[in-house]
**Student:** 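First, the structure itself, so that you have it in front of you.
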Amino acid sequence: MNLISEFKKEFHPSILLPSITAGLIATIVTISTEIALAALIFSGDLSQFLAGGIGLMLFGAFAMGIVIALTTSLPGIVGIPQDTPAAILALVAAGIAVSMGTADAQTLYVTVLAAIALTSLLTAIFFLLLGWFKASSFVRYIPYPVVGGFLAGTGWLLAKGAFSVMVDMPMTLATLPQLFTADKLIEWLPGLIFAVALLLALRHFSHFLITPGALILATALFYGYLLLAHVSIADASARGWLLGPFPSGGLYQPLTPAAFAQVNWGIVFAHIGQIATILVLSVVSLLLNASALEVTVKEDLDLNRELLTAGFANLAGGLGGSPVGYQTLGMSSLAHRLGARSRLVNLISALLCGAALFFGASLISFFPKVVLGGMLLYLGLSFMVEWLVDARRFLPVADYILVWVILFIVAAIGFLEGIAAGIFVAAIIFVITYSRVNIIKNILNGQIFHSKVDRPKAHRDLLMKRGAEIYILRLQGFIFFGTIQTILDHVRARLDDKSQPKLGFLVLDFQRVTRLDSSAVFGITRLKQLAQSNNVWMVWTQVSPTIDRQLERGGLVDETDDSFIILPTLDHGVEWCENKILAEQGITDLTGFIERMEGQLKRAFPGLQTVGRLMKYLERREVEQGEYLMHQGDPPTEMYFVEAGLITVQLEDHEGDVIRLRTIRGGATVGEMGLYLDAVRAASVIASRPSAVYRLSSDSLKKMHEQDPEVASLLHEWIARLLAERLADNNRTIEALMD
């Protein structure tokens, strides 16, 4: 749907009236908030430029509002210059003022404007690149308590700046006693009361008129006090209680091309670290706002498109000198609660902010500083209460303490230091926490977990007897220096366990391992040395190409060293160990099928004197390597007894990929399930090397029932025992994997 047809629908009364209401409320809140943020940035030595600062904020609300309204993925979203970047911009502006010292006012002003515009343009480029490369998901990887610490620190900066706005002096330990003098108390105490009252009201009630109503009521009370105290507006302005009067020239005083020569770019770039912080925090805040809005409106947003939208908005705002802005959560949620899912909401708000920018300077000059400072203080307190009080209910103790640590470092040292410390501590907590996660998913042995090779009973019995010599560790997650020690400890414990047979094979399955840290290669070297010193074969299975390359670089993969084997799957690894055990007993292949079957049947059924009665129903076949006995999807017309060789059962998809299900050696059967269930072949059966088999067709089985029912009955019972043994093995494996 194009914008023109969409706007036609939005002018329907059912949509238009809620949109106008939401737009007017958003305008009141936006203007008051942007004036407060301008007062935060242009405070102290920069307060003489407050009029221009207000103009920049209102221009940003105007330009960004229009762009976001027209390009957002969800109609009704509101975008304005935001408080989090403004709090750090206040630090940048104050640092520039200190660095420039006695420079003339115009040079100071254009340098601050250049820093603001540069920050917005760099943020725009950052937003656009992330949106273009669809990188919005990166916010999921930022530790939640670190984000909380950032926001709590932002709240502290906003609250600190609020007092500076109200009392018109920098907030330091040296100036703290001055706050409690009679002259200063009257300037900030009403603002504190207003901020706390608004915070408590919004925590208990969610009506959309509370914030604009509180602003109007507070302003009315301020002028009521002036009336009762017989203080004129001129006197109140002289005492610094009002924003005005502003100098002539209007509110909007952007950086002109002619003023570029006056900019002290060296001082601007000296604050590049704080500017980079704004870039990162703005992206995080935007994506967190968008994610929270998805929950509020119960609808998915295109986060990459929202990044592009914010990028274009900051491009428009930055070219006009506006500070960084993006989509806001509060007013966007308000619009949707009012049923105003319309682009008109932000358009109305943006156009009215533009009107205030160009025609409302005289009206804005009468805004009480205490109300604007109180609004700013409310914003700061809301951040701190959310992350210092409310977060205790849902954050673990370590994460909650980290939020406080970041806040204290931000308050005592600086914002960049707080961010760096937060990331560092979060990394340490992650390492400690992750090292406690069990890197071993399952501990198995050869008695519990068998390869998918069907073997005769005598060999199964042998492998069951010696199966405990095969020690299987199925690993998971990210293996690094903090978790490799767990594997070493388990292997040492198994080597020292005298209640079990001597360890002969160590199988490590890497199917669920996401990555192997380079520092863990040293631990793997120790593991290899431990295995070699105890004459233990070490088998690694399902090793990814990345991990394989790491092992090669670490010198662990050596073609001349056969004590360290890498095989494609756990099934192949266990089969290799089983074959080694059988080979130690002189068993390399299986022959003499008739004699073995006769012996097995006689042990199972003493009454059966000869296997010849069975063999006359079987057809012997010699099959070449690669020859199919059955194709996936074939009808179930026969089963096979394998005399010698190697037969593989495999799944084949339409793309030609093959998955091995079972490998069958001499003395085992294949195809009995399909024959007995009369079901089409679910897999293919192929000779992996030249083999000899005996075929029992469905017609021959029918003849056996008719001509020799005793043999047929004994055959069914024998196959039932084979299937029962397989089922018992599978059950043991499943139980072990579920532990």
**Student:** Of all residues at least two apart in sequence or in a different chain, which pass the side chain to side chain donor-acceptor pair (under 3.5 Å) check with T119?
**Tutor:** none
**Student:** In residues 373-384, what donor-acceptor pairs under 3.5 Å come from side-chain atoms, sequence neighbours left out?
**Tutor:**
from : atom 1 : to   : atom 2 : distance (Å)
S382 : OG     : Y378 : O      : 3.3
S382 : OG     : L379 : O      : 2.6

**Student:** Got a sec: does the OH of Y223 have more than 12 other heavy atoms crowding it under 6.0 Å?
**Tutor:** yes
**Student:** Hey, could you give me each pair passing ring pair (Phe, Tyr, Trp, His ring centres under 6.0 Å) that has a residue in residues 87-108? Not counting sequence neighbours.
**Tutor:** none
**Student:** Check whether any side-chain N or O of R343 sits under 3.5 Å from a backbone N or O of T72 as a donor-acceptor pair, and report yes or no.
**Tutor:** yes
**Student:** Can you list the residues that meet the ring pair (Phe, Tyr, Trp, His ring centres under 6.0 Å) rule with F312, with sequence neighbours excluded?
**Tutor:** none
**Student:** Is it true that a side-chain atom of N314 and a backbone atom of A310 form a donor plus acceptor pair closer than 3.5 Å?
**Tutor:** yes
**Student:** Could you tell me how the ring of Y225 sits relative to the ring of W241: parallel (under 30°), tilted (30 to 60°) or perpendicular (over 60°)?
**Tutor:** tilted
**Student:** Quick one: does any side-chain atom of S120 pair with a main-chain N or O of S322 as donor and acceptor, under 3.5 Å?
**Tutor:** yes
**Student:** Heavy-atom distance under 4.5 Å between the side chains of T309 and Q327, does that happen here?
**Tutor:** yes
**Student:** Let me have the donor-acceptor pairs involving side chains of residues 54-70, under 3.5 Å, with sequence neighbours excluded, atom names and distances please.
**Tutor:**
none

**Student:** How far apart are the closest heavy atoms of L108 and A97, and which atoms are they?
**Tutor:** CD1-CA, 3.7 Å
**Student:** Holding to side chain to side chain donor-acceptor pair (under 3.5 Å), I want the full list of residues that pass it with D45, two or more places apart in sequence or in another chain.
**Tutor:** none
**Student:** Examine distances only and state if a side-chain atom of T33 and a backbone atom of T30 form a donor-acceptor pair shorter than 3.5 Å.
**Tutor:** no
**Student:** Is there a side-chain contact between F222 and L242 (heavy atoms, below 4.5 Å)?
**Tutor:** yes
**Student:** Nearest heavy-atom pair of L121 and L319: which atoms, and what distance?
**Tutor:** CD2-N, 3.9 Å
**Student:** So, using side chain to side chain donor-acceptor pair (under 3.5 Å) as the criterion, who are the partners of Y109 when residues are at least two apart?
**Tutor:** none
**Student:** What pair of heavy atoms forms the shortest contact from H271 to I267, and how long is it?
**Tutor:** ND1-O, 2.9 Å
**Student:** Using a cut-off of 6.0 Å, state whether more than 12 heavy atoms not belonging to F394 lie near its atom CZ.
**Tutor:** yes
**Student:** How far apart are the closest heavy atoms of P145 and I406, and which atoms are they?
**Tutor:** O-CD1, 4.1 Å
**Student:** Sequence neighbours left out, what pairs pass salt bridge (Lys or Arg N to Asp or Glu O under 4.0 Å) with at least one residue falling in residues 304-328?
**Tutor:** none
**Student:** Determine yes or no for a side-chain-to-main-chain donor-acceptor pair under 3.5 angstrom, with S237 supplying the side chain and I233 the backbone.
**Tutor:** no
**Student:** Could you tabulate the donor-acceptor pairs under 3.5 Å formed by side-chain atoms of residues 111-118, not counting sequence neighbours?
**Tutor:**
from : atom 1 : to   : atom 2 : distance (Å)
T111 : OG1    : T107 : O      : 2.7
T111 : OG1    : N264 : N      : 3.2

**Student:** State, yes or no, whether a side-chain contact exists between L198 and I210 at a heavy-atom distance under 4.5 Å.
**Tutor:** yes
**Student:** Do Y326 and P85 make a side-chain contact, defined as non-hydrogen atoms from C-beta onward lying under 4.5 Å apart?
**Tutor:** yes
**Student:** Are there more than 12 heavy atoms of other residues, nucleotides or ligands under 6.0 Å from atom CH2 of W156?
**Tutor:** no
**Student:** Would you check if there is a donor-acceptor pair between the side chains of S136 and N304 at a distance under 3.5 Å?
**Tutor:** yes
**Student:** With heavy-atom distances below 4.5 Å as the criterion, would you say the side chains of I77 and N346 are in contact?
**Tutor:** no
**Student:** With distance as the sole test, does S332 use its side chain to make a donor-acceptor pair with the main-chain N or O of V78 at under 3.5 Å?
**Tutor:** yes
**Student:** For W404, give me all partners under side chain to side chain donor-acceptor pair (under 3.5 Å), at least two apart in sequence or on another chain.
**Tutor:** Y400
**Student:** So R341 and L74, do their side chains get closer than 4.5 Å, heavy atoms only?
**Tutor:** yes
**Student:** Spell out, as yes or no, whether a donor-acceptor pair under 3.5 Å connects the side chain of S349 to the backbone of V345.
**Tutor:** no
**Student:** For W265, look at atom CH2 and say whether over 12 heavy atoms of other residues, nucleotides or ligands are found less than 6.0 Å away.
**Tutor:** yes
**Student:** Do the side chains of L179 and L176 get nearer than 4.5 Å, heavy atoms only?
**Tutor:** yes
**Student:** Find out whether L91 and L157 are in side-chain contact, i.e. whether some heavy atom of one side chain is under 4.5 Å from a heavy atom of the other.
**Tutor:** yes
**Student:** Could you work out, with salt bridge (Lys or Arg N to Asp or Glu O under 4.0 Å) as the rule, every residue matching K160, not counting sequence neighbours?
**Tutor:** none
**Student:** Excluding sequence neighbours, so at least two apart, what forms salt bridge (Lys or Arg N to Asp or Glu O under 4.0 Å) with D302?
**Tutor:** none
